[in-house]
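Read the structure below first, then the notes.
Ligands are counted one by one from 1 in listed order, and the atoms in each one are counted from 1 as well.
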Amino acid sequence: MATQRTLSIIKPDATRRNLTGKINAKFEDAGLRIVAQKRIKLTMEQAGKFYEVHAERPFYGELCEFMASEPVVVQVLEGEDAILKNREVMGATNPADAAPGTIRAEFAESVGENSVHGSDAPDTAAEEIAYFFSGLELVG
Ligand code: UDP
Ligand code: MG
């Protein structure tokens, strides 16, 4: 196992319901350190570029509109096996399938408005972190 960093986003359905602290507590309780964090409002263009990999999927337009609808909190989580560990803490994409105690089981409203994003692999984690944070903002 190695120390990794992963990109997390607390999505608009969660910031709207004032859940940032409760979600951050889930990360910290799992041993993930929040080593960078900022609250921003994405433009449609920024959301579209971030989710470009899903451009051909039927939900793409709705997803981008949702992500640009209200502020998000973008963050870098660090820890042992952080990418996989974060995916475990998040739970399955569809909250109906998410294991009890996971963020999506407890907080997500639907498969689309599912409270959190997390990188899925080392290469995408590096790309996604660089999309939102400069080296100067990552002090460990
Ligand atoms: N999504 C959706 N409908 C679907 C599948 C995904 O609206 O049927 C949205 C949802 O917000 C999800 C995001 O698209 O979190 C990215 O999908 P992905 O399959 O990468 O899921 P994740 O990695 O977020 O679990
Ligand atoms: Mg994904």
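Residue contact annotation: Val111 has a non-hydrogen atom under 4.0 Å from ligand 1. Distances from ligand 1 to the non-hydrogen atoms of Glu113 include no value under 4.0 Å. Residue contacts with ligand 1: Arg104 is included, with a non-hydrogen atom under 4.0 Å away.
Between Ile34 atom CD1 and Ser8 atom OG the span is 8.0 Å, to the nearest 0.5 Å. How far OG1 of Thr15 is from NZ of Lys11: 12.0 Å, rounded to the nearest 0.5 Å. Here the straight-line distance linking atom OG of Ser119 with atom CG of Leu84 works out to 12.5 Å at 0.5 Å rounding.
Close N/O approach between Gly112 and ligand 1 is found [any backbone or side-chain N/O within under 3.5 Å]. No N or O atom of Tyr51 sits closer than 3.5 Å to an N or O atom of ligand 1. Any N or O atom pair closer than 3.5 Å counts here, and Arg57 shares no such pair with ligand 1. For His54, a nitrogen or oxygen atom sits less than 3.5 Å from a nitrogen or oxygen atom of ligand 1, counting backbone and side chain alike.
Salt bridge Arg39/Glu70: absent, no basic N to carboxylate O contact under 4.0 Å. Using a cutoff of 4.0 Å between basic side-chain nitrogens and carboxylate oxygens, Arg16 and Glu113 are scored as salt-bridged. A salt bridge links Lys26 with Glu106: the closest approach of a Lys/Arg side-chain nitrogen to an acidic carboxylate oxygen falls below 4.0 angstrom.
The minimum heavy-atom distance between Met67 and Val72, with the atom names listed, is O-CG1, 3.9 Å.
For atom 21 (O) of ligand 1, the closest non-hydrogen atom of the protein is Thr93 OG1, 3.3 Å. The protein non-hydrogen atom at the shortest distance from atom 13 (C) of ligand 1 is Leu63 CD2, 4.0 Å. Distance from atom 5 (C) of ligand 1 to its nearest protein heavy atom, with residue and atom name: Phe59 CE2, 3.5 Å.
Near Arg87, the atoms of ligand 1 lying under 4.0 angstrom from a non-hydrogen atom of the residue are 22 (P), 23 (O), 25 (O). Contact atoms of ligand 1 toward Asn114: 10 (C), 11 (O), 12 (C), 15 (O) (distance under 4.0 Å to a heavy atom of the residue).
Checked by atom type and distance alone, the side chain of Asn114 pairs as donor or acceptor with a backbone atom of Val111 at under 3.5 Å.
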